[in-house]
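Quick note on labels: first sequence line is chain A, next is B, and so on, each numbered from 1. Note that these values count all heavy atoms, side chains included, but never hydrogens, waters or copies made by symmetry.
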Number of protein chains: 6
Amino acid sequence: MNNPEFSNQALSHVDQQGKAAMVDVSDKTVTQRIAIAEGFISMSATAFDMLKHNQHKKGDVLAVARIAGIQGAKKCSDLIPLCHPLMLTKVQVDFELIDSRNSVRIEAMCKLAGQTGVEMEALTAVSVAALTLFDMCKAVDPAMQISGIQVLQKTGGKSDHLKAKNEA
Amino acid sequence: MNNPEFSNQALSHVDQQGKAAMVDVSDKTVTQRIAIAEGFISMSATAFDMLKHNQHKKGDVLAVARIAGIQGAKKCSDLIPLCHPLMLTKVQVDFELIDSRNSVRIEAMCKLAGQTGVEMEALTAVSVAALTLFDMCKAVDPAMQISGIQVLQKTGGKSDHLKAKNEA
Amino acid sequence: MNNPEFSNQALSHVDQQGKAAMVDVSDKTVTQRIAIAEGFISMSATAFDMLKHNQHKKGDVLAVARIAGIQGAKKCSDLIPLCHPLMLTKVQVDFELIDSRNSVRIEAMCKLAGQTGVEMEALTAVSVAALTLFDMCKAVDPAMQISGIQVLQKTGGKSDHLKAKNEA
Amino acid sequence: MNNPEFSNQALSHVDQQGKAAMVDVSDKTVTQRIAIAEGFISMSATAFDMLKHNQHKKGDVLAVARIAGIQGAKKCSDLIPLCHPLMLTKVQVDFELIDSRNSVRIEAMCKLAGQTGVEMEALTAVSVAALTLFDMCKAVDPAMQISGIQVLQKTGGKSDHLKAKNEA
Amino acid sequence: MNNPEFSNQALSHVDQQGKAAMVDVSDKTVTQRIAIAEGFISMSATAFDMLKHNQHKKGDVLAVARIAGIQGAKKCSDLIPLCHPLMLTKVQVDFELIDSRNSVRIEAMCKLAGQTGVEMEALTAVSVAALTLFDMCKAVDPAMQISGIQVLQKTGGKSDHLKAKNEA
Amino acid sequence: MNNPEFSNQALSHVDQQGKAAMVDVSDKTVTQRIAIAEGFISMSATAFDMLKHNQHKKGDVLAVARIAGIQGAKKCSDLIPLCHPLMLTKVQVDFELIDSRNSVRIEAMCKLAGQTGVEMEALTAVSVAALTLFDMCKAVDPAMQISGIQVLQKTGGKSDHLKAKNEA
C-alpha cells in the first residue's frame with residue numbers, strides 16, 4: 001500500500017506478509033453489540049405467487065427459512081474461517097414479500113454482549129435464509145437470484161454505522 | 001394455486017398442506033451431476049485496491065475465501081434444512097477480479113454421482129466465499145454488497161438448464 | 001447370560017472384551033431401508049391449549065420442531081458414536097395433537113438405500129423434535145415429560161419387524 | 001390467547017403472530033445456573049442382562065453412552081433451533097441399572113454462569129445417552145422404549161423448580 | 001521442480017498455479033478401501049502409571065479416547081479442507097500400553113467402499129484419540145508428546161503400500 | 001493409587017471410580033490465558049521440495065493448512081469429549097520450513113479470557129494443520145510422519161509452565 005491516502009487503513013484479517021490472521025480481540029471492551037443486515041431473493045411471478053400462496057395458507061416455507069437463518073447465524077464462526085466464536089443473545093429473521101418486484105426481502109438482527117461485532121452473523125443469517133428460500137422454490141423457478149446482501153446497521157463497536165435501507 | 005397455467009407445478013419442498021417436506025429421492029437414478037453457480041461482491045475502490053494488492057503479494061485473502069467456499073459446499077445439508085446429505089466428488093471455487101466495477105466474481109462448481117442435483121451446494125460455496133471476502137475486507141469498507149448469486153449451469157438431472165453468464 | 005436359547009446373541013457394538021466397536025457393514029447388501037419411530041410429549045392443559053392455539057393460528061411451533069427433527073436425523077452419526085454416516089434419501093416428521101391426554105405424538109420416517117438400517121435416524125428425529133417442543137413450551141409448563149420413544153417399523157434389513165402402534 | 005385465565009402466560013419462543021422467535025436474553029443477569037434431568041430406557045430381560053454383563057466386565061457400553069450424553073449437551077444449540085449457544089462449565093451423566101424393571105435410569109447435570117437456564121442441555125444429554133444405549137443394545141432387543149425424560153431440578157433463574165424424582 | 005526424475009509427480013491438491021484444489025474423484029472406481037494408521041503418546045512414569053491403573057480398574061480413559069478417535073474419523077472431511085465426504089463402513093481404534101517407554105500406541109483402521117482412500121480418516125482417528133489422551137492426562141504430566149503418526153497400510157487404491165510397523 | 005509419592009495427584013478427567021468426568025470449572029477465576037503448542041511433519045526430499053516450490057510460487061498449501069488449524073482450534077470441544085466449549089479471542093498458526101530435516105514446524109497460539117486453559121485448542125490447531133499438510137503432500141510421499149506435538153508454553157492458569165523449544 002504505497003498510496004499515502006489510505007496509509008492508516010489495512011485489511012484487518014491479514015498480517016504484514018498478507019497471510020491470514022484472526023484479529024486479536026482479547027483487549028477489546030465487552031459492549032452490547034447489535035447488527036442488522038438485509039438481502040433479497042427475486043423470482044418469477046409464478047414462483048412468487050406460489051410462495052405467497054404458501055404464506056396465505058400459513059404453510060411452512062418462511063418458517064423453514066427463518067429457522068435456517070437463525071441456525072446459520074449460530075454457525076457463523078464455523079463457516080467463516082477468521083470469525084470468532086460468539087455467544088449470541090438474540091437472532092431475529094424477518095421477511096417482507098415485495099409484490100412489485102416478485103422478490104422477498106430478508107432482514108436479520110443479531111445481538112450479543114461481546115468483544116467483536118456481529119455483522120457477519122447477521123449477514124450469514126440473511127444468506128442462509130435466502131439459500132433456503134432458493135432451495136424450496138427452485139423446482140418452480142431455477143433462475144432465481146439472490147442480491148443486495150449488505151449491513152444496514154452496526155452498533156456497539158468503534159466503527160458504528162448506519163446505512164439507508166437498500167432500495168436495490 | 002387456482003391458475004390452471006401452472007397446475008402441474010408446485011413447490012417441491014412442501015406437502016399438500018404446505019408443510020415442510022424433504023423430497024424423496026429414493027427412486028431417482030444415480031447420474032453424474034454438475035452444477036455451476038456464481039455471485040459477486042462489490043466494494044469501494046480502496047478496498048478493491050487492497051484486495052488486489054494482497055493478491056499481487058500472493059497473500060492469503062482469496063485462498064481463505066476459496067477454502068471457506070469449498071468447506072461451505074460440504075456443509076450444505078447441515079445449513080439448508082431440506083437438502084439431502086451428499087458425497088461431493090469435486091468442489092472448485094474460482095475468483096475473477098473485475099477492475100471496472102471494483103467487484104469480485106465468484107464461481108463455484110460441484111460434482112457428484114447421485115440422486116439429486118448439486119446446485120444448492122454450488123450456491124452455498126459461492127455464498128460462503130462471498131461472506132468470507134466480506135469478513136476480510138470489512139474493516140476497510142463496511143458497506144460492501146453481495147449480489148448476483150445464481151445458478152449458471154446444472155446438468156445430470158431431469159431439469160438441466162444453462163444460463164447466460166450474468167452481466168449484472 | 002444364563003438363557004441358552006439365545007446364546008448366539010450378543011451386543012453388536014462391543015467386541016469380545018466388551019470394548020466399543022463400530023459394526024463393520026462393508027459386506028452388507030445395499031437395500032432400500034425404511035424405519036418409522038414414534039414418541040410423545042405430554043404437558044399441562046394450559047401448555048397444550050397454547051400449542052393448539054399456535055397451530056390454529058398457523059404459528060411456527062410445529063414447523064420449528066419438524067425442521068429440528070429432520071436436521072436431527074441428518075446429524076445422527078455425529079451424535080451417536082457408533083452410528084455410521086448415511087445418506088438419507090427422505091426424512092419425514094409428523095405431529096398428532098392428542099386432546100384426551102394433552103400430549104403430542106411425533107412420528108418420524110427415514111429412508112435410504114444403504115448397508116445399514118435407519119431406525120437410529122428415525123429415533124433421533126423423534127427425540128430432537130420432542131426436545132424442540134419442550135424448549136418452546138417450557139416457559140408455560142416446565143414439568144413436561146417426553147416418553148414412549150420406540151421403533152414402530154423397520155424394513156429392508158435382515159431383522160425387519162413391525163410393532164403395533166404404541167397405545168402408551 | 002383470549003382466555004383471561006392465562007393472559008399473562010405465553011409461549012416464550014413465538015412472537016405475537018406465532019412466528020418462531022429466539023428469546024432475547026441480552027439483559028438477563030449472569031447467574032450460576034444448574035439443571036438436572038432424567039430419563040429411562042427399558043428393555044427385555046435378555047438385553048438388560050447383557051448390559052449388566054458388559055458393566056460387570058467393565059466393558060464400554062455405559063462409557064460410550066456417557067460420552068455421547070456429554071457431547072450431546074455441548075451440541076444443544078446446534079440441535080434445538082431457538083436455543084442460545086452457551087459455554088457449559090460442567091456436564092455430568094450418570095447411570096443407574098434398575099433390576100426390578102430391566103431399565104436404565106439416566107441422569108444428567110449441567111452448569112454454567114450465564115444468562116439463560118441449562119435444562120435443555122441436561123435434557124439433550126439424557127436423550128442422546130438414551131439413544132446411544134438404544135443403538136448399542138438394539139441387536140438384542142429392537143423393541144426397547146425410552147421414556148420419562150423430564151427436568152428434575154433447575155436453579156439460578158427466575159423460575160426455579162424442584163420436582164420429586166420420577167417414579168415412572 | 002528442476003529434477004526431471006519426478007517431472008510427472010506433483011502435489012495433487014493444488015492446480016497449475018499452486019492454488020488449493022480438491023481432487024476430482026468422479027471417475028475413480030468404487031473399490032473396497034482400507035487404511036491403517038498409528039501414532040504414539042509418551043508421558044512421565046507417573047502419568048503412565050495412572051493410566052495403567054485406570055485401565056486395570058477398567059476406568060473410562062481408553063474408552064473415551066477410542067470414542068473420540070472413531071468420531072474424529074467421521075469428522076475428517078469437516079476438519080481437512082480438501083478431503084471428500086465419505087461414508088465409512090467401519091472404524092476401529094486400538095491401544096497398546098508400552099511399559100518400556102511409558103507410551104501408548106494408538107492404531108486406527110478405516111474401511112469403505114468408495115472412490116478415494118481412507119488414510120486421512122485413519123490418521124485423524126489416531127490424532128484425535130491422542131489429543132484426547134493428552135487432555136485426560138495433562139493434569140499429571142503437561143509435558144507429554146505425541147509422535148510417530150503415520151500410515152501403516154493402505155489398500156484398495158492405485159497407490160497401495162505397506163509399511164513396517166514403526167519402531168519409533 | 002496406593003503410592004504415597006503421588007497421593008495428591010490424580011487424573012483430572014475421571015472420578016473416583018475411574019469414570020469419565022468433565023472438570024467443573026464453574027468456580028475458577030476468569031483470567032487471560034495463552035497457550036503455545038508445536039508439532040512437526042517430516043517428509044521425503046521430493047515432497048519437501050515441492051512444498052517449498054509451492055511456497056515460493058506463493059501457492060496455497062500453507063494457507064490451507066493455516067486455515068484448517070485455526071478452524072480446528074475452534075472445533076476443539078467438539079472433537080475432544082471432555083473439553084469445555086470456549087470463546088477463543090485469538091488463534092494464530094505459523095509454519096517454518098526446516099531444510100536440514102525436510103520437515104515443517106507448525107506452531108499454534110491460542111488466547112482467551114476464561115476459566116480454563118487453552119493448550120488443547122493449540123494442540124488441536126497443530127494437529128489439524130499437520131494432517132492438512134499430510135493430505136496435500138501424500139500423493140508425492142505417502143510415508144510422511146507427524147511428530148513432536150507438545151505444549152511449549154501455557155500461561156494464565158494455576159499450572160503455568162514454559163518448555164524449551166523442541167529440538168526433536
- request: Look up atom CD in A/Q71 and atom CG in D/L79, then write down how far apart they are to the nearest 0.5 Å.
  value: 8.5 Å
D/H84 vs A/L88 side-chain heavy atoms within contact, under 4.5 Å: no
query: Do you know which of D/C83, D/A21, D/G114 has the most heavy-atom pairs under 4.5 Å to chain A?
result: D/C83
- prompt: Are A/T89 and D/T116 close enough that some pair of their side-chain heavy atoms sits under 4.5 Å apart?
  reply: no
statement: Cut-off 4.5 Å, heavy atoms of chain D, and the answer for A/L112 is neither
message: Restricting to salt bridge (Lys or Arg N to Asp or Glu O under 4.0 Å), what partner residues turn up for D/K90, sequence neighbours left out?
response: none
message: Any non-hydrogen side-chain atom of D/M22 less than 4.5 Å from a side-chain atom of A/I70?
response: yes
- prompt: Can you pull out the residues in residues 121-134 of chain A with any heavy atom less than 4.5 Å from chain D?
  reply: none
query: Can A/K75 and D/D78 be counted as an ion pair, charged N to O under 4.0 angstrom?
result: yes
query: Do NZ/NE/NH1/NH2 and the carboxylate oxygens of A/K111 and D/D24 come within less than 4.0 Å?
result: yes
- prompt: How would you list all residue pairs meeting salt bridge (Lys or Arg N to Asp or Glu O under 4.0 Å) that involve residues 123-137 of chain D, not counting sequence neighbours?
  reply: D/D135-D/K138
Spacing of A/M87 atom CE and D/L86 atom CG [to the nearest 0.5 Å]: 7.0 Å
For the student: nearest non-hydrogen atoms of D/A20 and A/R66, plus distance: O-CD, 3.4 Å
message: Give me the atom names and distance for the closest heavy-atom approach of D/P81 to A/K74.
response: O-NZ, 2.8 Å
field: Test side-chain contact (heavy atoms from CB on, under 4.5 Å) applied to A/A63 - qualifying residues, sequence neighbours left out
entry: C/D60, C/A63
message: Under 4.5 Å from any heavy atom of chain D, what part of A/Q92 do you find: side chain, backbone, both or neither?
response: neither
